[in-house]
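First up is the structure itself, then whatever we jot down about it.
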Protein chains: 2
Amino acid sequence: MDEAAIKAMIHRLPSEQVLNRICQTFGALQCTTRLQILLLLQQCPLCVTDIENMLGQSQSAISHSLRTLRQLDLVRTKREGRFTVYHLADEHVSVLVEMCKQHAKEMES
Amino acid sequence: MDEAAIKAMIHRLPSEQVLNRICQTFGALQCTTRLQILLLLQQCPLCVTDIENMLGQSQSAISHSLRTLRQLDLVRTKREGRFTVYHLADEHVSVLVEMCKQHAKEMES
DNA sequence: TGAACATATGAACAATAGTTCATATAAGTA
DNA sequence: TACTTATATGAACTATTGTTCATATGTTCA
């Protein structure tokens, strides 16, 4: 493969900045806890305690996971009285999660 | 949220086995090198040396990355004379990569 | 205000993943 | 067959990530 062709292909890759951001996003989904959180939040918004109960993990672990998801803007929060309710950030994330589920189905077959 | 509702939501999650597999897949995409490899292979099949040249990384690093992708059945190989040509495993992976690119675009805006 | 509940966070430690180096295998070619 | 090129792999080291523990912050309610 010649120089020119190689350059052309590299040129079609996203910028380093964008690549890093995508990788961080996938990195967040690399952990079952966080993936499960997103799958749950796709069903409905939840407070931290509910998530703890559902996944049977420590308060701290869940909170740290949520922070990671928050920092990547995959989830957002809304204060409701004593509770902090988490929900998926936007339609884009919802599509991402939907794709996970589809991926899961194809994997089962 | 009551016990029954919690159980129902958990029940809708994929099995642990499937979850792990999905997470492994995302884990593979968490590394810019591997993500870039998939983005390149979506453009066209490539041999290892081409990928090395394009990404400017050591032979060993690329080969290890390819192994990870192979083990997750994200890429497959075909021997062509002296060269081992890598290509995306199937349409499903292609969709996954396409989604990355879309993700990238939304990220830029 | 103080007690109880809900959540967040820093620091330390443990687990995982990535990179490099040395070396092995395998095919093509002189 | 020996030599070169192409690729793979194990082991050691390094870096990154996840988990736990202790503690802090913020909210409600008596």
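No hydrogens, no waters, no symmetry mates; every other heavy atom, side chains included, goes into these values. All chains are named by letter (A, B, ...) in the order of the sequence lines, taking the proteins before the strands, and each is independently numbered beginning at 1.
As judged by a 4.0 angstrom heavy-atom cut-off over every strand, B:Ser63 is placed among the base-contacting residues. Looking at heavy-atom distances under 4.0 Å, A:Gln59 makes contact with a base. Looking at heavy-atom distances under 4.0 Å, B:Gly27 makes no contact with the nucleic acid at all.
If you check distances only, the side chain of A:Ser60 does reach the base of C:dT9 with a donor-acceptor pair under 3.5 Å.
For the pair B:Gln30 CD and C:dT16 P, the computed distance is 14 Å after rounding to whole Å. Protein atom CD of B:Gln24 is 12 Å distant from nucleotide atom C1' of C:dT16, rounded to whole Å. At whole-Å resolution of the value, NZ in A:Lys78 and C1' in C:dT7 are 17 Å apart. Atom CG in A:Leu66 sits roughly 13 Å away from atom P in D:dT19 (whole-Å rounding). Residue A:Ile62 contributes atom CD1, which lies 13 Å from atom C1' of C:dA8 at whole-angstrom precision. One can place CD of B:Glu80 at 12 Å from P of C:dG28, the figure rounded to the nearest angstrom. With rounding to whole Å, B:Leu55 atom CG is found 15 Å from C:dT19 atom C1'. Taking atom CZ on A:Phe83 and atom P on C:dA6, their separation rounds to 5 Å, with Å as the unit.
Note on B:Arg67: every side-chain N or O is 4.0 Å or more away from OP1 and OP2 of C:dG18. Phosphate contact (OP1/OP2 of C:dG18, side-chain N/O of B:Arg34, threshold under 4.0 Å): present. The shortest distance between the side-chain N/O atoms of B:Arg70 and the OP1/OP2 oxygens of D:dA8 is below 4.0 Å. Contact annotation: B:Tyr86 side-chain N/O to D:dA6 OP1/OP2 distance is not under 4.0 Å.
Side chains of A:Gln42 and A:Glu98: a donor on one and an acceptor on the other come within 3.5 Å.
Formation of a donor-acceptor pair under 3.5 Å by the A:Ser63 side chain with backbone atoms of A:Gln59 is not found in this model.
Residues B:Arg34 and B:Gly27 share a closest heavy-atom pair of NH2-O, 3.3 Å.
In terms of hydrophobic clustering, with Ile, Leu, Val, Met, Phe, Trp and Tyr side chains grouped at heavy-atom distances under 4.5 Å, B:Val93 and B:Val18 are assigned to a common cluster.
Listed candidates were D:dT7, C:dA8, D:dG10. Nearest to the side chain of B:His64 is D:dG10. Out of C:dA17, C:dG28, D:dT28, the shortest distance to the side chain of B:Arg82 is found at C:dG28.
Other residues, nucleotides and ligands contribute only 12 or fewer heavy atoms inside 6.0 Å of the CD atom of A:Gln17.
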